[in-house]
Undergrad: 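Quick one: the structure is below, questions incoming.
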There are 2 protein chains.
Amino acid sequence: MGLRERKKHQTRLALIDAAFDLFLVQGYEATTVDQIAAAVDVSPRTFFRYFGSKEDLALDFTVEYEELVTTALAARPAGEAPLAALATAFREFIHQMEANAADDTERFLKHRRVIDANPALLATGFARMAETEKKLTAELARRQGTDPAADPRPRLLVALITSALRVGFECAAERDCQLVGLVGNVTDLLNLAEAALTPGWGQLSLGSSGQVATKASSPG
Amino acid sequence: MGLRERKKHQTRLALIDAAFDLFLVQGYEATTVDQIAAAVDVSPRTFFRYFGSKEDLALDFTVEYEELVTTALAARPAGEAPLAALATAFREFIHQMEANAADDTERFLKHRRVIDANPALLATGFARMAETEKKLTAELARRQGTDPAADPRPRLLVALITSALRVGFECAAERDCQLVGLVGNVTDLLNLAEAALTPGWGQLSLGSSGQVATKASSPG
DNA sequence: TTGTCATCTGTCATGGACTGACATAAATTA
DNA sequence: TAATTTATGTCAGTCCATGACAGATGACAA
């Protein structure tokens, strides 16, 4: 890696660290891009060459984790039931997150605390998850050989499990957890959701209209 | 109602209609507040006296519906199981939405189309649902006599059902539904989620730590 | 080492979403 | 009609974000 690339990487990290330090002291909203740039002795215009927006910086570290889930699901054996495969994939994701975070626990928790403290940030974070959800849905549909546009079940399953995860993060945030507590809470909620769904999910069937079997319904 | 109040109401509606007409033609992002204000012959500053933000205007009509859910849940008989009560409350919400929308179907669908076309808008919409989710969670916890801070089950249940609704709206948006199709899709997904949860949900129990029973876990 | 090239950065100008302050115009009420 | 309340317009300013251009700096070959 050349000097140029090293410098860029350095500036990037410096911006992130300076930003989160300011976020923790002043709050996310109250911190301006100018302040962050000034703290790193860089022009505000340069800030936007490293990050598309202030939100991008704040949510930067969540991106890598989302990719982990899709690869984890793809690695599950073909015969595994959808719910089991998805739940396992998410558990692996959690383990990966734990392992990565352990490298620099302080920074990880700092980031989580900032995000958890800002509903708007939290919301955008899960909104960006939509892309990942689509990939997971496509993978589940592929495994079952169904059309993801016609069969809402894979999509629903992904949405349900994802929301369980979300609740896990929320609970952990409320309880002001350390890394262990965070992982515990998220895992627990995932297990809870899986336990609730396991008895019913396997029997779910669709009507001929491509909608739910439990009720004759509009073709949409 | 005095002249003053009538005028305000009129201006408010005019802003909404002008805005959505512009949104449909130019897109939400490409439409500026100045354009909306100009279309109604009002200063841009006045726009912000009617709506806190451009997003507020775009999501305005969703607010009234969210209130319906909480009142619908509160009206369910005390003995009803949590899942059944919540599902029924949401079904009543859907019926109410259908009835209200029937008054002015065109405007309703216009609004939905704009929101569905903008991921950011859609995300913010469901993010704002968080407030409603809290109320629903509190009501479910009250019914069960549990502490919402310690027992994550009501919260999880609300999150699961809400996400089913979200998927229903998404499916309807993709299929470019009319009002009937929209209601059908959302109802179907709600039924599907209820069917998936009914067998397992009643048996869900918690461990002594306030976490999930299926696994000994961290106190958080 | 030197000169060329690609790329990073700062500066400047601009636009769009908001907000506070203040004056004016309009409706309400007495 | 006079006094009061309230809505609106104007103005100035902040913050986020982006395009354009020029200068600085690292990469690389001769």
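Quantities reported herein were computed from a predicted structural model and do not represent experimental measurements.
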Undergrad: Residues from residues 2-19 of chain B sitting under 4.0 Å of DNA chain C, heavy atoms only?
TA: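 The stretch gives B:Gly2, B:Leu3, B:Arg4, B:Lys7 as the residues lying under 4.0 Å from the strand, ordered by number.
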Undergrad: Are B:Arg143 and B:Glu139 ion-paired here, with the side-chain N under 4.0 Å from a carboxylate O?
TA: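 Between B:Glu139 and B:Arg143 there is a salt bridge, with a charged N closer than 4.0 Å to a carboxylate O.
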Undergrad: Among A:Leu136, A:Leu73, A:Val186, exactly one meets side chain to side chain contact (heavy atoms under 4.5 Å, CB included) together with A:Phe90. Which residue is that?
TA: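 Option passing the side chain to side chain contact (heavy atoms under 4.5 Å, CB included) with A:Phe90: A:Leu136.
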Undergrad: Would you compute the distance between atom CZ of B:Phe108 and atom CD of B:Gln178 and round it to the nearest 0.5 angstrom?
TA: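 Those atoms lie 11.5 Å apart.
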Undergrad: Which heavy atom of B:Met97 sits nearest to which heavy atom of B:Tyr65, and what is that distance?
TA: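 That closest heavy-atom pairing would be CA-CE2, 3.8 Å.
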Undergrad: Counting the atoms with a prime plus P, OP1 and OP2 as sugar-phosphate, which does B:Tyr50 contact under 4.0 Å by heavy atoms, base, sugar-phosphate, or nothing?
TA: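 It contacts sugar-phosphate atoms only.
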Undergrad: Of all nucleotides in DNA chain D with an atom under 4.0 Å from a non-hydrogen atom of chain A, which is the first and which the last going 5' to 3'?
TA: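 Here the contact window of chain A covers D:dC15 to D:dA27.
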Undergrad: Please name all residues satisfying side chain to side chain contact (heavy atoms under 4.5 Å, CB included) with B:Asp56, sequence neighbours left out, ordered by chain then number.
TA: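 B:Asp56 satisfies side chain to side chain contact (heavy atoms under 4.5 Å, CB included) with B:Phe51, B:Ser53, B:Arg128 only.
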Undergrad: Below 30° counts as parallel, above 60° as perpendicular, anything between as tilted: where do the rings of B:Phe23 and B:Tyr28 land?
TA: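 The rings of B:Phe23 and B:Tyr28 stand perpendicular, inter-plane angle above 60°.
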Undergrad: Which residue pairs satisfy the salt bridge (charged side-chain N to carboxylate O under 4.0 Å, His left out) criterion with at least one member in residues 29-52 of chain B, sequence neighbours excluded?
TA: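 Checked against salt bridge (charged side-chain N to carboxylate O under 4.0 Å, His left out) - neighbours excluded - no pair reaches residues 29-52 of chain B.
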Undergrad: Ignoring hydrogens and geometry, is there a side-chain-to-backbone donor-acceptor pair from B:Arg155 to B:Ala141 under 3.5 Å?
TA: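 Such a contact is absent between B:Arg155 side chain and B:Ala141 backbone.
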Undergrad: Go through the steps for A:Asn100 and A:Glu64 under the test side-chain contact (heavy atoms from CB on, under 4.5 Å), then give the verdict.
TA: CA-CA 10 Å; A:Asn100 289 14; A:Glu64 54 180 311; 3.9 Å; yes
Undergrad: Taking the side chain from A:Asn185 and the backbone from A:Gly181, do they hold a donor-acceptor pair closer than 3.5 Å?
TA: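 Side chain of A:Asn185 to backbone of A:Gly181, a donor-acceptor pair under 3.5 Å: yes, one is there.
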Undergrad: Contacts to DNA chain C from residues 21-46 of chain B, heavy-atom cutoff under 4.0 Å, which residues?
TA: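 Within residues 21-46 of chain B, the residues near DNA chain C are B:Thr31, B:Thr32, B:Val33, B:Arg45.
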Undergrad: Keeping A:Lys54 on the side-chain end and A:Thr31 on the backbone end, is there a donor-acceptor pair under 3.5 Å?
TA: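 Flag set: sc A:Lys54 to bb A:Thr31 pair under 3.5 Å.
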Undergrad: Output yes when a side-chain donor or acceptor of B:Arg113 lies under 3.5 Å from a complementary backbone atom of B:Asp176, and no otherwise.
TA: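 Pair absent, no side-chain N/O of B:Arg113 close to backbone of B:Asp176.
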Undergrad: Going 5' to 3' on DNA chain C, which nucleotide is the first and which the last to come under 4.0 Å of a heavy atom in chain B?
TA: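 Result: C:dG16 to C:dT28.
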